[in-house]
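Beneath this line is the structure, given in structure tokens, with notes to follow.
Keep in mind that this is a model prediction, so the values were computed, not measured. The chains referred to below are lettered A, B, ... by the order of the sequence lines, with proteins before strands, and numbering in each begins at 1. Below, each value reflects all heavy atoms present in this structure, side chains not excepted, and no hydrogens, waters or symmetry copies.
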Protein chains: 2
Amino acid sequence: MNEYYRSAYRPLLALDCVIFGYEEGTLKVLLTRRKQEPYKGAWGLATGFLHEGESLDNAAIRILKKQTGLDDIYMSQLQTFGDVGRDPVERVVSLVYYALVRVDAYDEKLLEQNQAQWFSITALPKLMFDHEDMIQKSWGKLRRKSRYQPLGFELLPEKFTLPELQTLYEAIHQKQFDKRNFRKKILATNLLEKLEEKQKGVSKKGAYYYQFQKDKYDELIAAGFNFELKSMAFGS
Amino acid sequence: MNEYYRSAYRPLLALDCVIFGYEEGTLKVLLTRRKQEPYKGAWGLATGFLHEGESLDNAAIRILKKQTGLDDIYMSQLQTFGDVGRDPVERVVSLVYYALVRVDAYDEKLLEQNQAQWFSITALPKLMFDHEDMIQKSWGKLRRKSRYQPLGFELLPEKFTLPELQTLYEAIHQKQFDKRNFRKKILATNLLEKLEEKQKGVSKKGAYYYQFQKDKYDELIAAGFNFELKSMAFGS
DNA sequence: ACAAAAGTGTTGAAGATACACCCATGA
DNA sequence: TCATGGGTGTATCTTCAACACTTTTGT
């Protein structure tokens, strides 16, 4: 290694994960209490430093696994935060990932073990550093992305009903949708398989379960199919 | 500072800038030759390490200023690249910014001084490390963003004609647009002011100059106006 | 007068929105 | 039987895409 590299400043590099979940009709975020002084006990995102020899994505996977017990989580980089005073203890540059998990797959025991808790996105506690900003920006990204990518499914169990899916979208967008138009739009993607089974216990009539056809989606993606919006496509 | 921070791994943190320009009907990227061994002389993006006490955006501004002589450049974070072997010399995590500059504002002398050169985006030389990937991803972002934000103006002089603007969009999207539809769409934003003056020398008839009304745009943004697409808005 | 690029409107198709009633079931 | 939430179709409007001729002016 030469002078060019050796003399450079080396900041700490952290990864913070905004973990979204969906439960009881509201969009939630998983928060944990900070384990070290100062600000010990303050609510914040799941976090960790990058390890030597570890890629960024792998570091995020490691942190998510530790926090949730799950691999194979939908996960994507949001952006990097690096204001000078954002961590008052020491200069830390922080890469934010956001992740979508199925709350039903979540290991309850880990909540206690990690001093973690789900909070409704509309009723967050006071958060340390710039974590509030990170969550709001992640939510914005989720809103925008859910318009052209079938993300909602990542937050629901394998089998879900259309009313459930609609309520989820309403929680993400904080907006009511028309039942008929919503169904039309969702079913028009042709990515949902209707099952024979009906949901019991929630309503008297019972709603049909659907399943997201991930294979079909992956095929379409592989074939170069584009779920992007058509309008403003400057077509021809 | 306590143990939690002290024991953490500290990678090098670089910033790489994809500088887009527009000239002679083609979208271009500004590249420089690497100044140190190994790979000295290889083409790559304008780059630099983060300095102590400097925010990420300020670091990007510094690097852009050094490269182009300009401040006040449109600039935005793309994403962070951190694969383990991406810099073969040493582990370097790299934050990519993309920037849009007016080539006419560019100081010619700096090109030589920095061993820099504009390359058409469709005819890039072999690039070092993962810089090719960074450029392609930035271009993708530029394409997507130009559909719902008036970005094109950043690449043109203050005064420009609609045929010029259209050619720019065609260069960004690598696609021909219909003159009439393009005009309609652009003028529908109500953000362009038609000037009295006509362009001379390019065509016999001469095209009217237009000017982007940045004040008006900023006002609308401040008022919460949203340039996002309407379709898929899950409206009501 | 003619060549070359600038400028302009309309029509049909597709997609988005608004809206109201019947159905199945458990209590 | 009735209360609750599930399911369905249509009419209107907006937006997008396709398309061809006239205007201006320099040579």
Side-chain angles (χ1 to χ4, degrees), chain A residues 24-25 144 146-148 150 156 159-171 173 175-211 225-236, chain B residues 24-25 144 146-148 156 159-171 173 175-190 192-211 225-236:
Chain A
E24 294 163 10
R144 272 169 278 129
S146 72
R147 288 166 60 165
Y148 59 89
L156 291 171
K159 296 188 299 185
F160 53 86
T161 67
L162 290 184
E164 280 172 346
L165 186 65
Q166 181 173 345
T167 317
L168 166 58
Y169 272 82
E170 290 176 342
H173 292 268
K175 199 176 167 183
Q176 304 284 105
F177 302 130
D178 180 90
K179 229 184 343 181
R180 288 159 289 189
N181 295 338
F182 182 82
R183 279 169 171 264
K184 235 180 292 171
K185 211 172 282 196
I186 291 292
L187 294 175
T189 64
N190 247 323
L191 289 172
L192 290 197
E193 190 186 2
K194 185 176 183 175
L195 305 180
E196 292 300 310
E197 197 183 348
K198 272 189 168 184
Q199 187 184 52
K200 309 213 163 181
V202 173
S203 78
K204 285 164 187 169
K205 184 172 177 183
Y208 282 104
Y209 278 116
Y210 284 78
Q211 205 163 13
F225 189 85
N226 188 348
F227 287 90
E228 258 193 287
L229 302 172
K230 279 172 200 163
S231 58
M232 282 299 285
F234 287 103
S236 147
Chain B
E24 293 162 10
R144 272 171 279 128
S146 72
R147 288 167 58 166
Y148 59 89
L156 291 172
K159 296 188 299 183
F160 52 85
T161 67
L162 291 183
E164 280 172 346
L165 185 65
Q166 180 173 345
T167 317
L168 166 58
Y169 272 83
E170 290 176 343
H173 291 269
K175 198 174 166 186
Q176 304 285 106
F177 302 130
D178 179 90
K179 228 184 342 180
R180 289 158 289 190
N181 294 339
F182 181 81
R183 279 167 171 264
K184 235 178 296 169
K185 212 171 284 196
I186 292 290
L187 294 176
T189 63
N190 246 323
L192 291 197
E193 190 187 1
K194 187 177 183 175
L195 305 179
E196 292 301 310
E197 196 185 349
K198 271 189 168 182
Q199 186 183 54
K200 308 213 166 184
V202 174
S203 78
K204 286 167 185 166
K205 185 171 175 183
Y208 282 103
Y209 279 115
Y210 285 77
Q211 203 163 14
F225 190 84
N226 187 347
F227 288 89
E228 260 193 284
L229 301 171
K230 280 173 197 159
S231 59
M232 281 300 283
F234 287 104
S236 146

In whole angstrom, give the distance that lies between atom [atom1] of [X] and atom [atom2] of [N].
X         : N       : atom1 : atom2 : result
Lys200(B) : dG26(D) : NZ    : P     : 7 Å
Tyr208(B) : dT8(C)  : OH    : P     : 9 Å
Lys198(B) : dA6(C)  : NZ    : C1'   : 8 Å
Glu164(A) : dG5(D)  : CD    : P     : 14 Å
Gln176(A) : dG5(D)  : CD    : P     : 14 Å
Phe182(A) : dG6(D)  : CZ    : P     : 13 Å
Gln199(A) : dG7(D)  : CD    : P     : 9 Å
Tyr210(A) : dG6(D)  : OH    : P     : 12 Å

Write out all pairs satisfying side chain to side chain donor-acceptor pair (under 3.5 Å) with one or both partners inside residues 192-201 of chain B, taking only residues at least two apart or from two chains.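 Sorted pair list: Lys159(B)-Glu197(B), Glu164(B)-Gln199(B).
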
Could you list the protein-to-nucleotides 19-22 of chain D atom pairs, N/O on both sides, closer than 3.5 Å?
residue	atom	partner	partner atom	Å
dC19(D)	N4	Asp178(B)	OD2	3.3
dC19(D)	N4	Arg180(B)	NE	3.3
dA20(D)	N1	Arg180(B)	NH1	3.4

Are the ring centres of Phe182(A) and Tyr169(A) closer than 6.0 Å?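 When the ring centroids of Phe182(A) and Tyr169(A) are compared, they turn out to be within the sub-6.0 Å range.
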
Under the side chain to side chain donor-acceptor pair (under 3.5 Å) rule, collect the residues that match up with Lys184(B), sequence neighbours excluded.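 Side chain to side chain donor-acceptor pair (under 3.5 Å) check on Lys184(B) returns Asn181(B).
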
Would you say Leu195(B) and Gln211(B) make side-chain contact, with heavy atoms under 4.5 Å?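 Of all side-chain heavy-atom pairs linking Gln211(B) with Leu195(B), at least one is under 4.5 Å.
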
Any side-chain heavy atom of Leu187(B) within less than 4.5 Å of one from Tyr210(B)?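 Yes - at least one pair of side-chain heavy atoms lies under 4.5 Å apart.
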
Starting at the 5' end of DNA chain D, which residue's closest nucleotide do you reach first, Lys204(A) or Leu162(A)?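 Mapping each residue to its closest nucleotide by heavy atoms, the 5'-most match is Lys204(A).
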
Which of parallel (below 30°), tilted (30 to 60°) and perpendicular (above 60°) describes Phe177(B) and His173(B)?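 Plane angle over 60°, so perpendicular.
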
